[in-house]
Amino acid sequence: TGTFAFSTRIGVAERFGETQLIPISERFFVGGRSTVRGYAHHTLGLEGATLINGEPAGGNALLIFNEEFRLAISGAFGMVFFFDHGNVWREFDEISFKELKSTTGVGLRYNTPVGPLRFDWGYKLDRDGSESPSETYFTLGHAF
């Protein structure tokens, strides 16, 4: 039996009152096991804007699309095939579909009473030359 699951997330943060900068703890970050698999935790962004010298600075706008085909194999075991797309920008009016980064991958699942135990491998489809080609994740619960 198969199930197709998809998710779309958009986020916008705005300054409040006389605040000049949104604190880093309140900014958006993308990359990792529940956003765009294939990128390490919080490492996806735009160099010079939401990544400064390769370090995540976060942004005030994000856009994420996830598509996943979940397939039961046998008993409590299953597997998934996925496509993830997303990025983070400094401001909402800077969002550009051309700057979305995409990954694809496969995962194994073992269903437990508290949620699926999962192992995912994500591969970057449009990586920059210095980026690693893929990332792996081992965690509990659905990606989205």
Side-chain angles (χ1 to χ4, degrees), residues 1-15 19 21-144:
T1 309
T3 303
F4 181 71
F6 62 94
S7 171
T8 300
R9 289 174 271 178
I10 186 166
V12 178
E14 288 292 330
R15 293 179 265 310
T19 303
L21 293 173
I22 294 176
I24 195 164
S25 63
E26 300 296 323
R27 295 182 203 157
F28 297 110
F29 294 87
V30 177
R33 64 184 183 220
S34 64
T35 58
V36 180
R37 292 165 284 186
Y39 286 87
H41 185 66
H42 291 173
T43 61
L44 181 52
L46 303 170
E47 186 59 51
T50 59
L51 291 174
I52 308 299
N53 296 322
E55 292 295 319
N60 300 335
L62 78 89
L63 186 59
I64 299 170
F65 300 100
N66 305 101
E67 303 92 32
E68 189 172 271
F69 182 67
R70 300 171 181 165
L71 184 62
I73 297 176
S74 176
F77 289 94
M79 66 184 311
V80 299
F81 301 95
F82 63 84
F83 284 100
D84 294 339
H85 324 273
N87 214 331
V88 61
W89 293 265
R90 257 191 303 213
E91 302 295 336
F92 176 76
D93 60 357
E94 296 175 1
I95 291 177
S96 169
F97 284 96
K98 291 179 183 177
E99 293 174 327
L100 286 175
K101 294 287 193 157
S102 298
T103 64
T104 188
V106 63
L108 296 174
R109 303 289 185 268
Y110 179 76
N111 292 316
T112 73
V114 294
L117 188 61
R118 64 183 175 103
F119 176 79
D120 289 333
W121 173 79
Y123 179 79
K124 297 174 183 83
L125 294 175
D126 46 8
R127 71 184 175 102
D128 295 330
S130 62
E131 294 176 331
S132 66
S134 64
E135 293 289 330
T136 57
Y137 311 92
F138 184 70
T139 191
L140 183 66
H142 289 289
F144 54 93

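Sequence positions, counted from 1, serve as the residue numbers for this chain.
- N111 places no side-chain N or O within donor-acceptor distance of the main-chain N or O of P116, the cut-off being under 3.5 Å.
- Side chains of I64 and V30 form a contact here, defined as non-hydrogen atoms less than 4.5 Å apart.
- What you find for A57 and I52 is that their closest heavy atoms are CB-CG1, 3.9 Å.
- Residues R27 and T50 fail the side-chain proximity criterion, which asks for heavy atoms closer than 4.5 Å.
- Judged by distance alone, the side chain of N60 and the main-chain N or O of E14 form no donor-acceptor pair under 3.5 Å.
- A search for ring-ring contact (aromatic ring centres under 6.0 Å, His included) contacts involving Y110 returns F77, not counting sequence neighbours.
- With R118 contributing its side chain and G141 its backbone, the two residues share a donor-acceptor pair below 3.5 Å.
- Using a 3.5 Å distance cut-off with no hydrogens or angles, the side chains of S134 and W121 do pair a donor with an acceptor.
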Determine whether L125 and T104 satisfy the following criterion, side-chain contact (heavy atoms from CB on, under 4.5 Å), listing intermediate values before the conclusion.
CA-CA 7 Å; L125 294 175; T104 188; 3.7 Å; yes
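- In F4, the CZ atom is crowded: over 12 heavy atoms of neighbouring residues, nucleotides or ligands sit closer than 6.0 Å.
- For the pair L63 and W89, the minimum side-chain heavy-atom distance is below 4.5 Å.
- The pair R109-E68 meets the salt-bridge criterion, since a charged nitrogen lies less than 4.0 angstrom from a carboxylate oxygen.
- In this structure, L108 CG and I73 CD1 are separated by 6.5 Å, a value rounded to the nearest 0.5 Å.
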F83 and T103: CA distance, side-chain angles, deciding distance, side-chain contact (heavy atoms from CB on, under 4.5 Å) verdict
CA-CA 6 Å; F83 284 100; T103 64; over 6 Å; no
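- Between the CG atom of L117 and the OG1 atom of T139 there is a distance of 8.0 Å, given to the nearest 0.5 Å.
- Considering only heavy atoms from C-beta on, R127 stays 4.5 Å or farther from K101 through its side chain.
- A salt bridge does not link R33 to D84: none of the charged nitrogens lies less than 4.0 Å from a carboxylate oxygen.
- Annotation: D93, atom CG; neighbour count of heavy atoms from other residues, nucleotides and ligands within 6.0 Å is above 12.
- The two residues G58 and V88 make their nearest non-hydrogen contact at C-CG2, 4.5 Å.
- Distance alone, capped at 3.5 Å, places no donor-acceptor pair between the T43 side chain and the Y39 backbone.
- Residues satisfying the ring-ring contact (aromatic ring centres under 6.0 Å, His included) criterion with H85, sequence neighbours excluded, are absent altogether.
- The closest side-chain heavy-atom distance from F29 to L44 is not below 4.5 Å.
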Under the side-chain contact (heavy atoms from CB on, under 4.5 Å) criterion, do D120 and V80 qualify, and how do the steps go?
CA-CA 8 Å; D120 289 333; V80 299; 4.0 Å; yes
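- For the residue pair K124/S132, the side-chain donor-acceptor check at 3.5 Å is satisfied.
- With values rounded to the nearest 0.5 angstrom, F82 atom CZ is found 15.0 Å from F69 atom CZ.
- At least one donor-acceptor pair under 3.5 Å links the side chain of E47 to the backbone N or O of G54.
- R70 CZ to H142 NE2: the interatomic distance, rounded to the nearest 0.5 Å, is 5.0 Å.
- Between the side chains of N66 and R37, not a single donor N or O lies within less than 3.5 Å of an accepting N or O.
- Ionic pairing of R15 and E26 is not present here: no N-O contact between side-chain nitrogen and carboxylate oxygen is shorter than 4.0 angstrom.
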Could you check V106 against Y123 for side-chain contact (heavy atoms from CB on, under 4.5 Å), going step by step and ending with a plain yes or no?
CA-CA 9 Å; V106 63; Y123 179 79; over 6 Å; no
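- Between I10 and F92 there is a side-chain heavy-atom pair separated by less than 4.5 Å.
- Interatomic distance, CG of N87 versus CD1 of I95, reported as 9.5 Å (0.5 Å rounding).
- Taking the side chain to side chain contact (heavy atoms under 4.5 Å, CB included) definition, one finds that S34 meets it with nothing, sequence neighbours left out.
- Of the inter-residue distances, the one linking F144 atom CZ with F6 atom CZ reads 9.0 Å to the nearest 0.5 angstrom.
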